[in-house]
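Down below is the structure, laid out as structure tokens.
Numbering starts at 1 and runs along the sequence shown. Indexing begins at 1, ligand by ligand and atom by atom, following the structure's order. In this text the structure is predicted, and so the values were computed from the model without any measurement.
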Amino acid sequence: MEVIFLGTGTSQGVPIIACDCAVCTSADPRNRRARCSIHVVMGGLHIQVDAAQEFRVQCLRYGVRQLDLFILTHGHADHVSGMDDLRRFCDLRGGRALTVYSNGEGMSRVEAIYPYAILERPVVRGYPAFQLVEMPPAIELEQGTIRSTLLPHGGMNVLGLVFEERGSGAKFVYYTDCKHVTAEALGLAKGAQAVVLDGLRPREHPTHMNIAEAIEAAHQIGAPVTYLTHLTHEIDHDPFEAGLPGGVRLAYDGLKLAL
Ligand SMILES: [Zn+2]
Ligand SMILES: [Zn+2]
Ligand SMILES: [Zn+2]
């Protein structure tokens with residue numbers, strides 16, 4: 001299994017517009033964070049999780065050329081805003097709709113923002129078409145299984161995702177945008193080679209885990225490596241990562257995992 005981090009920043013991105021802080025003006029490329037999404041290749045199947053404002057640029061930058069299915073974790077702007085650019089992948093699929101999995105709230109956001117794309121086929125070449133499907137507890141594919149669980153994120157629930165590749169047995173967990181990792185989510189994550197958790201920033205936040213909460217969840221899951229994502233400009237990559245406990249790292253844009 002291969003995972004590419006297309007973006008690892010919080011909803012405003014890093015640098016923030018008109019901010020002169022040390023991180024926003026840093027020369028370290030790992031302090032430049034587009035909004036969060038990942039691209040997973042499981043048994044040759046290309047799965048895109050979320051489409052940020054930078055989705056098109058991220059695809060060009062990291063060589064995403066194929067997309068077989070799309071999963072929207074939730075309907076917040078930083079995860080849904082790039083979906084119009086999925087049009088190119090409808091073209092590459094020979095003008096077929098792309099299957100879009102989400103929860104009920106995510107599906108209604110997609111219907112509200114992209115009513116012109118809820119179609120069996122694109123209207124004309126170059127247009128997007130989404131076939132909305134409610135995310136089941138597990139999608140069984142010949143390449144592997146994608147399990148989902150609900151994570152609390154303020155007033156809404158976010159899809160937490162667990163990928164298990166059939167051929168290799170590789171297991172990867174992606175829990176972004178959450179205030180807690182529930183008991184069910186902890187159970188599903190057991191045995192993963194790599195886990196990604198919402199880490200945001202050192203200070204507490206009402207709808208995201210802060211760094212200390214994410215470290216606690218990482219220890220409860222006990223994976224060999226946990227990457228924190230959805231990071232703000234309060235996190236200076238190098239010095240901050242040096243202070244993290246063993247097995248907990250910071251994700252950065254362009255990071256690739258081979259599991
Ligand atoms: Zn977000
Ligand atoms: Zn800043
Ligand atoms: Zn969110």
Relative to each other, are the rings of His39 and His46 parallel, tilted or perpendicular (30° and 60° limits)? tilted
To the nearest 10°, how many degrees is the angle His230 NE2 to the Zn ion (ligand 1) to Asp177 OD2? 90°
So what does the His153 NE2 - the Zn ion (ligand 3) - His76 ND1 angle come to, to 10°? 90°
Compare every heavy atom of Leu141 with every heavy atom of Leu45, then report the nearest pair and how far apart it is. CD2-CD1, 3.6 Å
Quick check: does His79 put an N/O/S atom under 2.8 Å from the Zn ion (ligand 1)? yes
Give, rounded to 10 degrees, the angle between SG (Cys24) and SG (Cys19) as seen from the Zn ion (ligand 2). 110°
Taking the Zn ion (ligand 2) as the reference point, name the nearest N/O/S atom of His233. ND1
Strictly below 4.0 Å, N to O, side chains only: are Lys179 and Glu213 in salt-bridge contact? yes
Can you label the angle between the His208 ring and the His230 ring as parallel, tilted or perpendicular, going by 30° and 60°? tilted
Which atom name does Asp78 have for its N/O/S atom nearest to the Zn ion (ligand 1)? OD2
Taking Gln58 for its side chain and Leu6 for its backbone only, find out whether a donor-acceptor pair lies under 3.5 Å. yes
